[in-house]
Amino acid sequence: MKQEPEPGREAPDLPVPLSTREFRERIWRYYQENRRDLPWRDTTDPYRILVSEIMLQQTQVDRVREKYNRFIDRFPDVRTLAGATTGEVLAVWQGLGYNRRALSLRQAAVQLERDYGGRIPDDEASLRSLPGIGSYTAAAIRAFAFNRPVVMIETNIRRVFIHF
């Protein structure tokens, strides 16, 4: 038996189910209309994507946007970052917080230089072996740098799925 809402209390509007095609079209249209111009968005360079993903961990996009280009200008590649001192990396990282991420990023660069000749691998196990890289960051690098089909659910994606 269907229970009616109490007088004065309306039932909440629930989202109307969408087909997969409709969902993808709606999300794509929203992205096209509201896309933010971010310096790491129009590249497939694995190093630049690695840096942006580490910077974006627990940090607002606007704060990362301020620091990203400066970091890339100072440390343009894995080799340069691997050769930098901790002090040099932390000086450029200043203002992003969670300095452990900067230290992990530098350690990852050292490991990449030593084990992969400065190249960023495209497989999940190798990426996850690097300091500071968990399942989401590995998936993001694989998707954005190497165009691999991956499943990654972060806070914003999760919120959209729950809404629809």
Side-chain angles (χ1 to χ4, degrees), residues 23-24 26-28 30-164:
F23 176 75
R24 287 192 333 222
R26 184 176 290 186
I27 296 302
W28 182 247
Y30 180 87
Y31 172 75
Q32 292 298 320
E33 293 170 2
N34 297 283
R35 177 184 197 274
R36 290 184 283 183
D37 186 26
L38 302 170
W40 54 85
R41 193 167 262 168
D42 293 321
T43 185
T44 57
D45 180 311
Y47 173 73
R48 289 174 179 244
I49 291 168
L50 167 65
V51 170
S52 71
E53 288 298 328
I54 298 295
M55 285 184 164
L56 287 163
Q57 292 172 356
Q58 299 178 324
T59 303
Q60 294 175 344
V61 170
D62 287 339
R63 183 173 286 177
V64 172
R65 188 188 325 219
E66 294 172 17
K67 298 290 185 173
Y68 175 81
N69 286 329
R70 183 172 171 223
F71 192 93
I72 292 296
D73 287 345
R74 176 60 184 87
F75 309 110
D77 52 39
V78 170
R79 175 168 284 154
T80 306
L81 181 56
T85 68
T86 299
E88 290 171 324
V89 173
L90 290 176
V92 178
W93 191 269
Q94 187 174 359
L96 285 174
Y98 301 101
N99 288 346
R100 178 182 51 78
R101 293 177 301 148
L103 301 177
S104 292
L105 183 56
R106 185 186 165 279
Q107 290 171 327
V110 169
Q111 187 174 331
L112 288 165
E113 191 64 27
R114 181 188 68 227
D115 298 344
Y116 300 96
R119 296 190 56 141
I120 296 176
D122 65 351
D123 67 285
E124 182 179 3
S126 297
L127 288 167
R128 295 216 34 205
S129 75
L130 299 171
I133 297 184
S135 59
Y136 174 81
T137 302
I141 293 167
R142 293 183 73 227
F144 303 136
F146 301 108
N147 198 30
R148 298 290 191 270
V150 299
V151 175
M152 46 191 215
I153 304 292
E154 50 87 54
T155 303
N156 295 313
I157 294 170
R158 181 178 176 273
R159 189 173 58 210
V160 169
F161 275 116
I162 288 172
H163 176 78
F164 286 101

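The basis for the numbers below is simple: all heavy atoms, side chains too, and nothing from hydrogens, waters or symmetry mates. Note that the structure is a prediction, hence the values are computed from the model and not measured. Nothing fancy with the numbering, it's 1 onward along the sequence.
Residue pairs that meet the ring pair (Phe, Tyr, Trp, His ring centres under 6.0 Å) test with at least one member in residues 34-67, sequence neighbours left out, are W40-Y68.
Between the CD1 atom in I141 and the CG atom in L130 there is a gap of 7.5 Å [rounded to 0.5 Å]. Put simply, CZ on R36 and OH on Y31 are 10.5 Å apart, with the number rounded to the nearest 0.5 Å. How far CG of D77 is from CD1 of I72: 9.0 Å, rounded to the nearest 0.5 Å.
The closest donor-acceptor contact from the side chain of S129 to the backbone of S126 lies under 3.5 Å. For the pair R119 (side chain) and G117 (backbone), a donor-acceptor distance under 3.5 Å is absent.
In this structure, I54 and I133 have side chains that are in contact, with non-hydrogen atoms separated by less than 4.5 Å. For the pair P121 and L112, the minimum side-chain heavy-atom distance is below 4.5 Å. By the 4.5 Å heavy-atom criterion applied to side chains, L103 and V89 are not counted as neighbours. Residues T59 and R101 have side chains in contact (heavy-atom distance under 4.5 Å, counting atoms from C-beta outward). Side-chain contact between V61 and V64 is absent, with no heavy-atom pair separated by less than 4.5 Å. Between N147 and T44, every side-chain heavy-atom pair lies at or beyond the 4.5 Å cut-off.
Here the shortest heavy-atom pairing between M55 and L96 reads CE-CD1, 3.8 Å. Pairing each heavy atom of A108 with each of P131, the nearest pair is CA-CD, 3.8 Å. Closest non-hydrogen pair, R142 versus L127, comes out as CG-CD1, 3.5 Å.
Residue Y116 qualifies as enclosed at atom OH: its count of foreign heavy atoms under 6.0 Å is above 12. Counting non-hydrogen atoms of neighbouring residues, nucleotides and ligands closer than 6.0 angstrom, the CD atom of Q32 exceeds 12 such neighbours. Around CZ of R41, the count of heavy atoms belonging to other residues, nucleotides or ligands within 6.0 Å exceeds 12. Within a 6.0 Å sphere centred on CZ of R114, other residues, nucleotides and ligands contribute more than 12 heavy atoms. The number of heavy atoms from other shown groups lying within 6.0 Å of CZ (F23) is above 12. Heavy atoms of other residues, nucleotides or ligands lying less than 6.0 angstrom from CZ of R148 number more than 12.
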Walk me through whether W93 and L105 qualify under side chain to side chain contact (heavy atoms under 4.5 Å, CB included). CA-CA 11 Å; W93 191 269; L105 183 56; 4.1 Å; yes
Apply the test side chain to side chain contact (heavy atoms under 4.5 Å, CB included) to residues R74 and E88: give CA-CA distance (whole Å), side-chain angles for both, the deciding distance (0.1 Å), then the verdict. CA-CA 9 Å; R74 176 60 184 87; E88 290 171 324; 3.3 Å; yes
What verdict does the side chain to side chain contact (heavy atoms under 4.5 Å, CB included) test give for R106 and T85, after you've listed the backbone C-alpha separation in whole Å, the side-chain angles of each residue and the deciding distance to 0.1 Å? CA-CA 9 Å; R106 185 186 165 279; T85 68; 5.7 Å; no
Worked check of salt bridge (Lys or Arg N to Asp or Glu O under 4.0 Å) between D73 and R70: CA-CA 5 Å; D73 287 345; R70 183 172 171 223; over 6 Å; no
Show, in sequence, the C-alpha distance, side-chain angles and deciding distance for D62 and R65, and conclude whether the side chain to side chain contact (heavy atoms under 4.5 Å, CB included) test is met. CA-CA 5 Å; D62 287 339; R65 188 188 325 219; 3.1 Å; yes
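Between T137 and the choices E53, E154, Q57, the side chain to side chain donor-acceptor pair (under 3.5 Å) rule is met once, by Q57.
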